[in-house]
Structure formats: C-alpha cells, structure tokens
Amino acid sequence: MYTLKEFLKEISNVEYKNRINAMLLEIEKIIEETDFSYLYSKENRLLSIGYNVEENELTDTYYDLLASEARQASLIAIAKKDIPSKHWNNLSRTLTKLGKYKGLISWSGTAFEYLMPNINIKRYNRKPFR
C-alpha cells in the first residue's frame, strides 16, 4: 500500500486527478486502519505469519529474518506504534559465508526477499570507516 501510495502521488495526470485523489484517501484509510499488533507475539517479540481464526490465536510460525519482507513490515508496524521498537532487535541477522563473501540468510534465497524492502525504505550512503 505504501508503494502504491507513493506511485499515485507521483502521477501528474490532470485528467484523472480526482480519481487518483480518491484512491489516495482510500489507501490512507487502509494504512491507518491496519493494526499489526494483532500479529505480534509479546512472548517471542516477533510478528506471526498469520492468525488462525478458528482457534482464535496466532500461528506458531514467525517472521524472524532481517533479510525478508519482515524488515519492511516491522519498520511500518514500529513507525505506526502498533508494536514496540525492541521487536527490531529480535529479527535474526544470521550470516552465511560463501568463499570471501558474507550475506544475510533469507527464507528462500530469492532476490525478492532482499530487494523488496529497498523499494520504499530509503537507503543512505555511508562513508567508509577509516
């Protein structure tokens, strides 16, 4: 929703301005009404992958890898104050090594998990330490 919202804000199509503004209002409403706290396990300090309506409880599988869409969901949930910021420290930062290269482990190792958060999470260039 955040990505769609930003895309619509950049469209400069006068002909559809009213429709775009109506969509932006609806998207804002959806974003504001989304409450991540329902998926948050206070015990594990992680977001659950889902909620089992029949059993009225969180599933016992959690988003716990920094190199996944969990990074994006976590930042949004923390920014909205739906979950505590200390949740961020519970995301796994386990590294794997291949030759001289190191990288974060993802669930499936796809580019999707690594690249998706970079769509709408700003990256900052850092100067190397000396």
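Ile20 is not connected to Leu25 by any chain of hydrophobic side-chain contacts under 4.5 Å among Ile, Leu, Val, Met, Phe, Trp and Tyr, and they are in different clusters. Side-chain heavy atoms closer than 4.5 Å link hydrophobic residues (I, L, V, M, F, W, Y) into clusters, and following such links, even through other members, never connects Ile76 to Tyr38.
By the salt bridge (charged side-chain N to carboxylate O under 4.0 Å, His left out) test, Glu28 is found to be paired with Lys5, residues two or more places apart in sequence or in another chain being considered. Judged as a salt bridge (charged side-chain N to carboxylate O under 4.0 Å, His left out), and not counting sequence neighbours, Lys17 has no contacts. In this structure, Asn90 has no side-chain hydrogen bond (donor to acceptor under 3.5 Å, both in side chains) partners at least two apart in sequence or on a different chain. Partners of Thr59 under the side-chain hydrogen bond (donor to acceptor under 3.5 Å, both in side chains) rule, at least two apart in sequence or in another chain, are Ser48. Under the side-chain hydrogen bond (donor to acceptor under 3.5 Å, both in side chains) criterion, Asn56 pairs with Tyr51, sequence neighbours left out. For the ring-ring contact (aromatic ring centres under 6.0 Å, His included) test, no residue two or more places apart in sequence or in another chain qualifies with Phe36.
Between Glu6 and Lys9 there is a salt bridge, since a side-chain N of the basic residue sits under 4.0 Å from a carboxylate O of the acidic one.
The distance from the CD1 atom of Ile31 to the NZ atom of Lys80 is 8.5 Å, given to the nearest 0.5 Å. Atoms CG and CD, on Leu58 and Glu43 in that order, are 10.5 Å from each other to the nearest 0.5 Å. Of the inter-residue distances, the one linking Ser41 atom OG with Ile83 atom CD1 reads 11.0 Å to the nearest 0.5 angstrom. How far CG of Asp60 is from CG of Asn52: 10.0 Å, rounded to the nearest 0.5 Å. Atom CG of residue Leu8 and atom CD of residue Glu26 lie 12.5 Å apart, to the nearest 0.5 angstrom. Between atom CG of residue Asp64 and atom NE2 of residue His87 there is a gap of 9.5 Å, rounded to the nearest 0.5 Å.
At a threshold of 4.5 Å between non-hydrogen side-chain atoms, the residues Arg45 and Trp88 do not count as touching. Here the side chains of Pro84 and Tyr40 are in contact, with some heavy-atom distance below 4.5 Å. In this structure, Leu46 and Tyr63 have side chains that are not in contact, with every pair of non-hydrogen atoms separated by 4.5 Å or more.
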